[in-house]
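These notes are about the structure you will find just below.
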Amino acid sequence: MPRFITEIKRTHSCGQLTQDDVGKEVVLFGWVANRRDHGGAVFVDLRDRDGLTQVVFEQDVRPEVHETAEKLRLEYCIGVRGKVVSRGGNVNPKLKTGQIEIHAGDLEIFNRSEPTPFPVDDQIDTAEEKRLQYRFLDLRRAPLQRTLMTRARVNHLTRNYFTGQGFLELETPFMVKYTPGGARNFLVPSRLNAGKFYALAESPQLFKQLYMIAGFDRYFQIVRCFRDEDLRLDRQPEFTQIDVEMSFVSQDDVFEVMEGLVRTLWKEVLGVDLPRPFPRMPYDESMARYGNDKPDLRFGMPHVVLTELVRRHQGGGVPLLLDAVNAKGIVKAMRVPASANLSRTEIDKLEEYVKGMGAKGLARAKVNEGGEWTQSPFAKTITPALRQAVNEACGAQAGDLLLFQFGKESTVHTVMANLRVHLAKRMGLIPEYGSGGQWQFLWVVDPPLFELDEESGKWAAAHHAFTRPRDQDVQYLETDPGRVYCWRYDLVLNGFEIGGGSIRLHDPAVQARVFQAMGIGEEEAESKFGFLLDALKMGAPPHGGIAIGMDRLVMLLTGAESLRDVVAWPKTQKGTDLMTGAPGDVDAKQLRELYVKSTHEK
RNA sequence: GGGGUGUUAGUUAAGUCGGUUAUAACGCCGGCCUGUCACGCCGGAGGCCAGGGGUUCGAGUCCCCUACACCCCGCCA
């Protein structure tokens, strides 16, 4: 009897055969996705990454093969040889291959399978903990296979696109020098240099700039990055960036190249034509209207900043608001349309929700026909003038609910930003994936170069120290650093930051003034970034670039609910790998070789 | 570091007001079945109710602690 694999080669995939193949002798390899044993005939749905094909084993055609087929169980890995037969009027419309079936003449069981800890089917309702523990089985399921195949396609299309645009795919080191500030680094102890450490690169940032200075002109890389920060739904400790840098470019040039990439991906993967150019919004407007720099523009409910209004009305009879304004805080409101129809209980729940984010409470006002407020802590004391002004500013109609936050600026923004998204979900304003849902791309541009560090009172680089300030703002570097805006940009899609970059500061003289403003002395700058500062002095070209969060992009592209669904081997929220058990203990000997001693007490 | 949700059979869930033998579906095991495709029928096995402590005559159920998973704040230039 001939042997599968060595003598009998696979001829087709399980998603390939159609009516046109009827009569062919074919060989399929795959896994038993389902079996239906009717005694004299056994039906098996054979699965590979391409699809399902029904295979029939009949007792009175090949008794010995049928006998083996009776032993088949779910997830057995098998090879089948047989004839493609039309199913005539008995087609299965749910299957791509539903017009045909295979009448098996030969069968080999490559490997049996123990009962799997959860069903390997398309309906994923297994606890994620179990899925991550048996990730290889989870990945056998069609939805995850489709996602990873899309991811592979994104990789391929990206390489094609950039190569076609004259970019060079160049590599950068993972093991780099530790630099304080920014994201926390994973550290790698050096065996050959006692007491010294490498850091795993949080991005190729400085190296890609050095490629520009070296003259490579156009660089891209699909590269793994590492950051030892707390995890989120859209954050993994190791993640992949589509990293890009270009010489002799303006912000518009960068946008054009990147919009071209994104448009290509959406067209090729989804068949969607994205409008061009992508809209842009100044950073300050984004903060004011949406409370963060990554607004989801698929729905409205913008914030209304009332700080000036309250100031003008000297509090308008509401001491709390006046206090907030006098303490350099801000006041924001959001109009929730009457249609939301929030119950008292629901609003109380919202209050608990915002308190979890540091809010002191959730002031509210129900607007009635006359524009008066009810169910509001402000109702009794607020002056009609301020009330009317607020109603007008918010565009409040009878039946609407106004929600307020006031106090520390950053808290107000965070709370209101999350509240807006929370309510939109509750109100069903966010289109579901595949429902003709919109793709709201947005460039958030023109942010301040510095932000005030609340603890130290010092100006710190809002992004990194090598972002180019706007030429007209350079004059304020010494006198009013908060007034200096810069060539920094984020690409936002549906409320997720999927990329960010900047035009770099290539002028060493301005660079020195930026460090000065941040309180970084020449010596400190030299020790941290000496090599880059040297390089900037030796004919550095004007340059800029961007990095796209590839995992996030694929997550949104595929409608996945979490980064973990687009990363083949993800970590849990505590950074562990439930399959391998990483991170784990190491031998004392290894630690000694690395000059490392743990201070952890068990 | 903080706030929230959850943990019951291999899986997904139910379990009322604290009450005596903890249910169901799917899966698994045995048997029957030649047109199923969520196959069907008959029979069966399967439980440290996450772990620990407490309240109680009595705890899956109430309280406290811990662990793990998930969501969020902080953090992530």
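Throughout, protein chains are lettered first and strands after them, A, B, ... in sequence-line order, and every chain is numbered starting at 1.
A distance of 6.0 Å or more separates the ring centres of A:Tyr178 and A:Tyr198.
B:A22 and B:A69 have their P atoms separated by 31 Å, given to the nearest Å. For the C1' atom pair drawn from B:A59 and B:C17, the interatomic distance equals 14 Å after rounding to whole Å. B:U56 and B:G18 have their C1' atoms separated by 9 Å, with the value rounded to a whole Å. Distance check on atom P: B:G74 versus B:U8 gives 32 Å, rounded to whole Å. Atom P of B:C72 sits at a distance of 41 Å from the matching atom of B:U20, rounded to the whole Å. B:G4 sits 27 Å from B:A9 when the P atoms are compared, rounded to a whole Å. Atom P of B:C41 sits at a distance of 9 Å from the matching atom of B:C26, rounded to the whole Å. Between B:A50 and B:G6, the two C1' atoms lie 11 Å apart (nearest whole Å).
Nucleotide B:A9 forms no Watson-Crick or G-U wobble pair with any nucleotide shown, as no partner meets the under 3.5 Å limit on both distances. Pair assignment for B:C70 gives B:G4, based on Watson-Crick or G-U wobble hydrogen-bonding distances that are each under 3.5 Å.
For A:Glu526, there are no side chain to side chain donor-acceptor pair (under 3.5 Å) partners, not counting sequence neighbours. Shown here are the ring pair (Phe, Tyr, Trp, His ring centres under 6.0 Å) partners of A:Phe186, two or more places apart in sequence or in another chain: there are none. For A:Met287, the side-chain contact (heavy atoms from CB on, under 4.5 Å) partners at least two apart in sequence or on another chain are A:Tyr283, A:His413. Every residue two or more places apart in sequence or in another chain that forms a ring pair (Phe, Tyr, Trp, His ring centres under 6.0 Å) with A:Tyr353 is listed here: A:His422. Partners of A:Glu346 according to the side chain to side chain donor-acceptor pair (under 3.5 Å) rule, which considers only residues two or more places apart in sequence or in another chain, are A:Ser343, A:Arg426. Residues satisfying the ring pair (Phe, Tyr, Trp, His ring centres under 6.0 Å) criterion with A:Tyr219, sequence neighbours excluded, are A:Tyr211. A:Arg513 is linked by a side chain to side chain donor-acceptor pair (under 3.5 Å) to A:Glu478, counting only residues two or more places apart in sequence or in another chain. Residues passing the side chain to side chain donor-acceptor pair (under 3.5 Å) test with A:Thr572 are A:Thr576, sequence neighbours excluded.
If you check every strand for non-hydrogen atoms under 4.0 Å, A:Gln205 touches a base. Within 4.0 Å (heavy atoms only), A:Lys355 reaches no atom of the nucleic acid at all. Across all strands shown, A:Ala460 has no heavy atoms under 4.0 Å from either base or sugar-phosphate atoms. In this structure, A:Gln54 reaches the bases: a heavy-atom distance under 4.0 Å links it to at least one base atom across the strands shown. Residue contacts for A:Asn92: at a heavy-atom cut-off of 4.0 Å it reaches a base atom on one of the strands shown. Residue-level contact check: A:Glu101 touches the bases, meaning some heavy atom is under 4.0 Å from a base atom.
What separates CG of A:Leu95 from P of B:A38 is a distance of 9 Å, to the nearest Å. For the pair A:Asp490 CG and B:C76 P, the interatomic distance rounds to 15 Å; values are reported in whole Å.
Residue whose closest nucleotide on RNA chain B sits further toward the 5' end, between A:Arg87 and A:Gly356: A:Gly356. Mapping A:Arg184 and A:Leu233 onto RNA chain B by nearest heavy atom places A:Leu233 closer to the 5' end of the strand.
Under a cut-off of 6.0 angstrom, the local environment of CD in A:Gln516 is sparse, with at most 12 non-hydrogen atoms contributed by other residues, nucleotides or ligands. No more than 12 heavy atoms of other residues, nucleotides or ligands shown are found within 6.0 angstrom of CD on A:Glu522.
In the set B:C68, B:U36, B:C76, the nucleotide with an atom closest to the side chain of A:Ala183 is B:C76. Checking B:G10, B:G74, B:A38 against every side-chain atom of A:Thr414, the shortest atom distance belongs to B:G74. Closest to the A:Arg564 side chain, of the nucleotides B:U34, B:G74, B:C71, is B:C71. Comparing B:U34, B:U12, B:C75 by their closest approach to the side chain of A:Thr126 singles out B:U12.
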Report all interatomic pairs (protein N or O, nucleotide N or O of nucleotides 24-31 of chain B) with separations under 3.5 Å.
none

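In terms of phosphate contacts, A:Lys130 brings no side-chain nitrogen or oxygen within less than 4.0 Å of OP1 or OP2 of B:G10. The shortest distance between the side-chain N/O atoms of A:Asn418 and the OP1/OP2 oxygens of B:C73 is below 4.0 Å.
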Let me have the donor-acceptor pairs involving side chains of residues 54-65 of chain A, under 3.5 Å, with sequence neighbours excluded, atom names and distances please.
residue, atom, partner, partner atom, Å
A:Gln54, OE1, A:Arg36, NH2, 2.9
A:Gln54, NE2, A:Glu101, OE1, 2.9
A:Arg62, NH1, A:Gly105, O, 2.9

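With no hydrogens or angles considered, no side-chain donor-acceptor pair links A:His103 and A:Lys83 at under 3.5 Å.
Applying a 4.0 Å cut-off to non-hydrogen atoms, the residues of residues 36-46 of chain A that approach RNA chain B are A:Arg36, A:Asp37, A:His38, A:Gly39, A:Gly40, A:Ala41, A:Phe43, listed by residue number. Residues from residues 569-576 of chain A with heavy atoms under 4.0 angstrom of RNA chain B, sorted by number: A:Thr572, A:Gln573, A:Lys574, A:Thr576.
Comment: A:Arg227 does not engage A:Glu238 in a salt bridge, judged by the lack of any side-chain N to carboxylate O separation of less than 4.0 angstrom.
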